[in-house]
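Only one structure is covered here, and it is reproduced in the block below.
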There are 2 protein chains.
Amino acid sequence: MKQKDIKIPEATIKRLSTYINCLERLDDKGCQVVSSELLGESCQVSPAQIRKDLSYFGEFGVRGVGYATKSLTEEIKVILGLDCIWPTVLVGVGHLGHALLNFTFFREHGYRMVAAFDSDPGKIGTEVEEGLHIQPIEKLVETASREKAAIGIVTVPASSAQSTADLLVEAGVRGILNFAPFKVRVPDNITLRNVSIVSELDNLAYLLSNKKPRRRLKKKK
Amino acid sequence: MKQKDIKIPEATIKRLSTYINCLERLDDKGCQVVSSELLGESCQVSPAQIRKDLSYFGEFGVRGVGYATKSLTEEIKVILGLDCIWPTVLVGVGHLGHALLNFTFFREHGYRMVAAFDSDPGKIGTEVEEGLHIQPIEKLVETASREKAAIGIVTVPASSAQSTADLLVEAGVRGILNFAPFKVRVPDNITLRNVSIVSELDNLAYLLSNKKPRRRLKKKK
DNA sequence: TAGATTGTTAATCGATTAACAATC
DNA sequence: TAGATTGTTAATCGATTAACAATC
């Protein structure tokens, strides 16, 4: 049990999110108790890593036994802040925006989409989800602040990413998830995550072009 | 100039991809030569980091001067393997799949979508891009191997992610980019990248819930 | 108790940053 | 040459892994 102002590695947070996923699947299979060994096998992380990750936040297991699947899931959700609802808005309802609006996981994980915006006049008023109608960008600041949106998702083209982020900040969101291929800048008090789909692909291309048929550089075990 | 069997950090590869992006933008602005200082400012990476990243692959700059914008861009593309065309197939033409098929960057970065598949009979035959018609999953192995697809993109639901990956492996792809919220398993000789959009959101939620306003997370136990 | 598995510390490994000699 | 900026080495910082005492 720690919990000072110790810095938690970002990688740990990322893994915690995947632990939830794996724990839920194990629970579905009827696994009421999991060891770090089993969970590690299930989500491809070493048992030591799992125990270390959890130890940043407290003691959740029973020595000699393991972790109660359901309660560990809940504990991790609390750690990640998924025990409360995050009002979220999305800007840019192209295909990607649409994909996120429909993303089932979204609803299941404590996020609530309270508004969606687009600059295309032809899209305004379209119902994308039950009760969710696309609004014009001009309404962003007004609507998002009224709805107390905490998170803004940016799925506009690179060229309007910065101006969109600016509007979201003006509307009072506390965090921005940016999918546009442009690293936006926001004030220090706003939390920002840039997601680069192209980088992921490029990473794959790199790995492929440097993997000679017989060479083995980076083996995981 | 190094280039032995030195291990390149994954973070370096990720950054190289963003360097290309920034370099192209700087070039558009008429910047023919950039210093690591300027490029760093532009893509929010420290100058030392940039020089270190590049030094893994060779010497691309001129001391006292900087880097030629255009040629550095090209050099990085070669490093990442973006100087050749990667035939790619996509499985699962939902909103996310659609988003990727239309992603302009895709074409611009040396990937060529050679086929798209979906299990929904209602979608078969639909033209999603110029000359690209959705094919049934049953045709995956045949078509993908005939087209010599090197990369497979998985945008199916979690429940069919593993079976889709299996088919792609059977079809002979060398790398898989998986967007489904399920960590698939593939043979050692296949390069795999899992992209978790939910993890990104969860990461944001964590950062937000541990920031000032809701400071107090008292530990019991 | 004996066996199992956690939580934690210490050792290892890896990545970033700082500093500076090389050199245009 | 003087000024600028790279490429690289060494120092620092951070994350992962291994090992084991604690304990159910």
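These numbers were taken from a predicted model, which means no experiment stands behind them. In what follows, chains carry the letters A, B, and so on, assigned in the order in which the sequence lines appear, proteins first and then strands, with residues in each chain numbered from 1.
The two residues A/V93 and A/F117 come nearest to each other via the heavy atoms CG2-O, 3.6 Å. Minimum interatomic distance between B/G81 and A/S209 (heavy atoms only, all atoms of both residues): CA-OG, 3.5 Å. Residue A/Y67 comes nearest to A/S36 through the heavy atom pair CE1-N, 4.1 Å, listed as atom of the first residue, atom of the second, then distance.
Taken residue by residue, residues 40-51 of chain B places heavy atoms nearer than 4.0 Å to DNA chain C at B/S46, B/A48, B/Q49, B/R51.
In this structure, B/H95 and A/H95 have tilted ring planes: the angle between them lies in the 30° to 60° band.
Protein atom CD1 of A/I13 is 16 Å distant from nucleotide atom P of D/dG14, rounded to whole Å. Taking atom CD on A/E10 and atom C1' on C/dA15, their separation rounds to 14 Å, with Å as the unit. If you measure from atom CG of A/L39 to atom C1' of C/dT5, you get 14 Å, rounded to the nearest angstrom. When rounded to the nearest whole Å, the span between CG of B/L38 and P of D/dT5 equals 10 Å. Atom C1' of nucleotide D/dA4 and atom CD of B/E37 are separated by 11 Å, given to the nearest angstrom. To the nearest angstrom, C1' of D/dG14 lies 13 Å from CD1 of A/I8. Protein atom CG of A/L72 is 16 Å distant from nucleotide atom P of C/dT5, rounded to whole Å. Rounded to whole Å, atom C1' of C/dT17 lies 12 Å from atom OH of B/Y56.
A salt bridge is absent between A/E24 and A/K29; no separation between the charged side-chain nitrogens and carboxylate oxygens falls under 4.0 Å. Here B/R193 pairs with B/E10 in a salt bridge; the nearest charged N to carboxylate O distance falls below 4.0 Å.
For the OP1/OP2 pair of D/dA4 and a distance below 4.0 Å, the side-chain nitrogens and oxygens of B/Y67 include no atom meeting the criterion. Checking the phosphate oxygens (OP1, OP2) of D/dT5, no side-chain nitrogen or oxygen of B/S36 falls inside 4.0 Å. A sub-4.0 Å separation between OP1 or OP2 of D/dT6 and a side-chain N or O of B/K52 is absent.
Here CD of A/E41 is found 10.0 Å from CG of A/L26. Values are rounded to the nearest 0.5 Å. Rounding to the nearest 0.5 Å places CG of A/L192 at 10.0 Å from CG of B/L207. In this structure, CZ on B/R51 lies 10.5 Å from CD on B/Q49, to the nearest 0.5 angstrom. For the atom pair CD of B/E200 and CG of A/L177, the computed distance is 6.5 Å after rounding to the nearest 0.5 Å. Distance check: B/S160 OG to B/L167 CG gives 10.0 Å after rounding to the nearest 0.5 Å.
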Listed pairs, N/O of protein and of nucleotides 22-24 of chain C, under 3.5 Å:
residue : atom : partner : partner atom : Å
C/dA22  : N3   : B/R63   : NH1          : 3.0
C/dC24  : O4'  : B/R63   : O            : 3.4
C/dC24  : O2   : B/R63   : O            : 3.3

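Using a 3.5 Å distance cut-off with no hydrogens or angles, the side chains of B/T12 and B/D53 do pair a donor with an acceptor.
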### Message
Wobble G-U and Watson-Crick pairs count when both distances are under 3.5 Å; given that, what is the 5' to 3' dot-bracket string of DNA chain C, with | for pairing to other strands?
### Response
..||||||||||||||||||||||
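Side-chain proximity of B/R15 to D/dG7, C/dT8, C/dT16: nearest is C/dT16. Side-chain proximity of A/E59 to the nucleotides C/dT8, C/dG14, C/dT16 is greatest for C/dT8.
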